[in-house]
Amino acid sequence: MAAKPKNKMDLITALAKRRGFVMPTSEIYGGIGSSYDYGPLGIEMKRKLADLWWREMVRKHENIVGIDSAIIYHPKTWVASGHVDGFTDPLVDCKQCKARFREDELVDRVVAGIKGIDEKPLKENDQHLDADHPSYALIPCPNCGTKGSLTPPRSFNLMFKTHIGPVEDSGDAVYLRPETAQGIYVDYPQVQTTARLKPPFGIAQIGKAFRNEITPGNFIFRTREFEQMEMQYFIPPGTENETMDFWKTERMAFWRDVCGIKEENLRFHQHTGDELAHYASDAYDIEYNFPFGWDEFEGIHSRTDYDLKRHAEHSGKQKDLEYFDDQTRERYLPYIVETSAGLNRGLLAILLDAYDEDDVDGNDRVVMRLDPKLAPITAGIFPLTKKDGLPEIARKLHEDLKLDFDVFYDEAGNIGRRYRRQDEAGTPFCITIDHQTLEDQTVTIRDRDTLDQPERPKLDQVANVLSARLRG
RNA sequence: GCGGCGGUAGCGCAAUGGUAGCGCCCCAGCUUCCCAAGCUGGUUGUUGCGGGUUCGAGUCCCGUCCGCCGCUCCA
């Protein structure tokens, strides 16, 4: 009987859960929307991806340094960034024609002009429309004219709000950061000074961000809690075009050459017109060909001096945020080009890209063709059988390697079964101790993708071989 | 938020309102000794959760949560 055709997202979701990459959180209580936990293999891979990013951004570039800022910032940060103002107005939807209106516009332009409706009683605390008021049903939709089709006003701010202090509704309201970028902007003068940086320079950060998305979905692609890998590059005004070109090339090369994502599944998408955010003068997304379509997992944006200007205004610290160039004797607000990648989205793209099914001697095989640098387990270490002293040698090899490599010891079942288990985990190499090892101290190294065992290094050379493979 | 569909073992799935099962995986042993072979045995479920109808509910009804698809949204 032929297997039911499955789409790749279902296959990856099932494999991720089955093998301990990613699973729904708190499942014994039914789970909670859009929250996922990373299992033993998933966390190793996520950390390796984050470490590779850090290597390519911070360690590779002398003029880029890292920080790790708090998740809760001073609430004014979000006023300055536009996150509070942009989205505090409650919105009203028309259930008939699906049009959406701001509550205050509705009052000003529609309610006030209708006979028989007194604006005042419709408002609660002079703030919001009272949807339970009998007159609410008389308001026609400004778009299609239908009466009684308007939803109650709902707040659409995407930021998670909480409060400082243990007592509810006391203390100051604060927000969980919806992006990590602002943490870099507000720290920039301090970092620039202590690290003695001159534009162009960058500040990098990996951390969690939170957005109360209306529609999360597609596994770990859009979740309300997610992890960003961001680098904000501070540059002299006028150099943004060449900077954009540089980082576009760098970032694409990272996903393609360092992480091993297939070139045909990657592309740039330029933001134009309405797509362009209010803060951006030019913007490109790096998109992956997901099963649900091409979609973004990293953005390279030219943000001008919009953010620093806003923070200068709202903090009153214009001078602190300016950079003074000793050479030209000029003082200016740097322009910013950001590279902002979704760690979870990047991971999803890599998992999808690595998934493969092939045929080994008439048997179906599921294999994750992960780059060795990203594979959760670098090498499996197996005794060919459980007898003849082979397990002892294998365990010794495992002991010798485990502090420097992610190695995994397994002696259960036949050798083929153990190879296949590692194939699904994406393990690139499997080292097997066999009877010849007893004679000449050599072992086989089985390649995940070719199934070949091209060489037999001596036991004490295995570490060198693995190091070379991880580099290459 | 709206509409449609779904949720049964780790995974994939069965089960007229009448004893919750199958395959794979997993574990132990035997066997084999380089690619999920075979044999024997074994673990695993409050059928998402909570109510209701019924002598009896995985199955019917209500609510709720979670997921998928479409719409909306994604500053």
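If you're wondering where the values come from, they're calculated on a predicted model, not measured in any experiment. Letters A, B, ... mirror the listed sequences (proteins, then strands); counts begin at 1.
Place A/Phe219 and A/Asp447 on RNA chain B by their nearest nucleotides, and A/Asp447 ends up nearer the 5' end. Where A/Arg18 and A/Val366 meet RNA chain B, the nucleotide closest to each residue was compared, and A/Arg18 sits on the side nearer the 5' end.
Straight-line distance from the CZ atom of A/Arg418 to the C1' atom of B/U32: 12 Å, rounded to whole Å. Atom CZ in A/Phe221 sits roughly 13 Å away from atom P in B/C68 (whole-Å rounding). Spacing between atom CD1 of A/Ile431 and atom P of B/C35 amounts to 19 Å, rounded to whole angstrom units. The distance from atom CD of A/Glu424 to atom P of B/C11 is 13 Å, rounded to the nearest whole Å. Taking atom CZ of residue A/Arg420 and atom C1' of nucleotide B/C24, one finds them 14 Å apart after rounding to whole Å. The nearest whole Å value for the distance from the CG atom in A/Asp434 to the C1' atom in B/C35 is 14 Å. To the nearest angstrom, C1' of B/C24 lies 13 Å from CG of A/Asn363. If you measure from atom CG of A/Asp388 to atom P of B/U32, you get 12 Å, rounded to the nearest angstrom.
A 3.5 Å limit on both hydrogen-bonding distances identifies B/C11 as the Watson-Crick or G-U partner of B/G23. Using N1 to N3 plus N6-O4 or O6-N4 for Watson-Crick, or N1-O2 and O6-N3 for G-U wobble, each under 3.5 Å, B/C68 pairs with B/G4. B/U43 makes up no base pair with any nucleotide shown, lacking Watson-Crick or G-U wobble contacts both under 3.5 Å. Across all strands shown, B/G58 forms no Watson-Crick or G-U wobble pair with both key distances under 3.5 Å. Judged by Watson-Crick or G-U wobble contacts below 3.5 Å, the nucleotide B/C30 has B/G38 as its partner.
Ion pairing of A/Arg365 with A/Glu357 is absent here, as no side-chain N (NZ or NE/NH1/NH2) approaches a carboxylate O to less than 4.0 Å. For the pair A/Arg369 and A/Asp358, the salt-bridge criterion is met [side-chain N within less than 4.0 Å of a carboxylate O].
The listed nucleotides are B/C35, B/C66, B/A28; the one nearest the side chain of A/Val360 is B/C35. Taking the side chain of A/Leu451 as heavy atoms from C-beta on, and the options B/G10, B/C33, B/C35, the nearest nucleotide is B/C35. Of the candidates B/G29, B/C34, B/C33, the closest approach to any side-chain atom of A/Lys386 belongs to B/G29. Which of B/C35, B/C69, B/A37 sits closest to the side chain of A/Arg417 comes down to B/A37. In the set B/C11, B/A36, B/C34, the nucleotide with an atom closest to the side chain of A/Arg19 is B/A36. Comparing B/C11, B/C33, B/G67 against the side chain of A/Tyr36 picks out B/G67 as the nearest. Comparing atom distances between the A/Leu384 side chain and each of B/C33, B/C35, B/C11 picks out B/C33 as nearest. In the set B/A28, B/C34, B/C11, B/A28 carries the atom at the smallest distance from any side-chain atom of A/Ala412.
No N or O donor and acceptor, one from the side chain of A/Glu27 and one from the base of B/C66, sit under 3.5 Å apart. Donor-acceptor pairing under 3.5 Å, judged by distance alone, is absent between the side chain of A/Arg211 and the base of B/C74.
OP1 and OP2 of B/C25 both lie 4.0 Å or more from every side-chain N or O belonging to A/Arg421. Side-chain nitrogen and oxygen atoms of A/Asn414 include none within less than 4.0 Å of the OP1 or OP2 phosphate oxygen of B/U32.
Taking atom C1' in both B/G10 and B/G50, the straight-line distance is 26 Å, to the nearest Å. B/A20 and B/A57 have their C1' atoms separated by 12 Å, given to the nearest Å.
In this structure, A/Tyr38 has its ring center no closer than 6.0 Å to that of A/Phe21. Between A/Phe160 and A/Tyr175, the distance from one ring center to the other does not fall under 6.0 angstrom. Between A/Trp78 and A/Tyr73, the gap from one ring centroid to the other is short of 6.0 Å.
Across A/Leu347, A/Ile206, A/Thr180, A/Ile220, a single residue satisfies side chain to side chain contact (heavy atoms under 4.5 Å, CB included) together with A/Glu227, and that is A/Ile206.
A/Lys8 forms no cation-pi arrangement with A/Tyr355, by the criterion of a distance under 6.0 Å to the ring centre and an angle within 45° of the ring axis.
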